[in-house]
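Notes for the one structure printed next.
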Amino acid sequence: MSGPDSAAGFRDVLGRFASGVTVVTSVDADGRPAGLACQSFASLSLDPPLVMFCVARTSTSWPRIAATGRFAVNVLAEDQREVCRAFAVSGADKFAGVGWTASPHGTAHLDGALAAIDCAIEDVHEAGDHLIVVGAVRELHERRDHGPLLYFRGGYAAGAFH
């Protein structure tokens, strides 16, 4: 047993909760896309429809997304591990070799994603070393039927879902 002040223990215990993997994207006024990998995503409210995700305060992509006032959450499929890795790095051209289309809402929808959720930024809350971003859902897109990309105990996981 370890206390919550042990970073390694905290990661180990919370890493036992499987989470879906997403990429949060937007497109700026010059048509340049921005994105970041995110496993801290959840639905928040049905009425009104709201979602939330958490992003590190140190993210260099978040300020570019925040400046647009909108974002899309792209839910990754189990065969998109390389897409996740591309968006998890800092400083690189994350969209290099990744197909995407601009949505009517000014966001980027990634090719091969299971779903895309277009949102307007509703609110941002400070929480420790992260920000909690609340999005008002504008449009939902079911993109393909495939197994999800999951993150579990520090690595990717897959499973059969029927």
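One is the number of the first residue; the rest follow in order along the sequence. All values derive from a computational prediction rather than experimental measurement.
- Of all heavy-atom pairs between Ala108 and Trp100, the closest is CB-CE3, 3.5 Å.
- Inter-residue side-chain proximity for Leu150 and Ser19 is flagged as unmet; no heavy-atom pair is nearer than 4.5 Å.
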Residues Gln80, Tyr156; criterion side-chain contact (heavy atoms from CB on, under 4.5 Å); working and verdict: CA-CA 10 Å; Gln80 292 186 293; Tyr156 298 110; over 6 Å; no
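- The two residues Ile132 and Cys54 have their closest heavy-atom pair at CG1-SG, 4.0 Å.
- Taking hydrophobic clusters as Ile, Leu, Val, Met, Phe, Trp and Tyr residues chained together by side-chain heavy-atom distances below 4.5 Å, Val75 does not share a cluster with Val134.
- Proximity of Lys94 to Ser61: side-chain heavy atoms (C-beta onward) are separated by under 4.5 Å at one or more points.
- When all heavy atoms of Ala136 and Glu122 are compared, the closest pair comes out as CB-OE1, 3.4 Å.
- Residues Ala37 and Cys84 approach most closely at CB-O, 4.0 Å, considering heavy atoms.
- Test Arg70, Arg138, Glu139 against His105 for side chain to side chain donor-acceptor pair (under 3.5 Å) and you get one pass: Glu139.
- Nearest heavy atoms, Leu149 versus Arg81: CD1-CG, 3.6 Å.
- The two atoms that bring Ala77 and His146 nearest to each other are CB-CD2, 3.8 Å, heavy atoms only.
- Note that the OG atom of Ser43 and the CE atom of Met52 stand 9.5 Å from one another [nearest 0.5 Å].
- The shortest distance between side-chain heavy atoms of Cys38 and Phe87 does not fall below 4.5 Å.
- Residues Val27 and Arg32 are not in side-chain contact: their nearest non-hydrogen atoms beyond the backbone lie 4.5 Å or more apart.
- By the ring-ring contact (aromatic ring centres under 6.0 Å, His included) test, His130 is found to be paired with no residue, residues two or more places apart in sequence or in another chain being considered.
- In summary, the side chains of Asn74 and His109 do not present any donor paired with an acceptor at a separation below 3.5 Å, with no hydrogens or angles considered.
- Cluster partners of Val24, using a side-chain heavy-atom cutoff of under 4.5 Å among ILVMFWY residues and allowing indirect links, are Leu36, Phe41, Val51, Phe53, Val55, Trp62, Ile65, Phe71, Val73, Ile117, Ile121, Val124, Leu131, Val133, Val137, Leu140.
- Under the 3.5 Å distance criterion, with hydrogens and angles disregarded, no donor-acceptor pair is assigned to the side chains of Thr68 and Asp28.
- In this structure, the side chains of Leu114 and Leu76 stay at 4.5 Å or more apart for every pair of heavy atoms.
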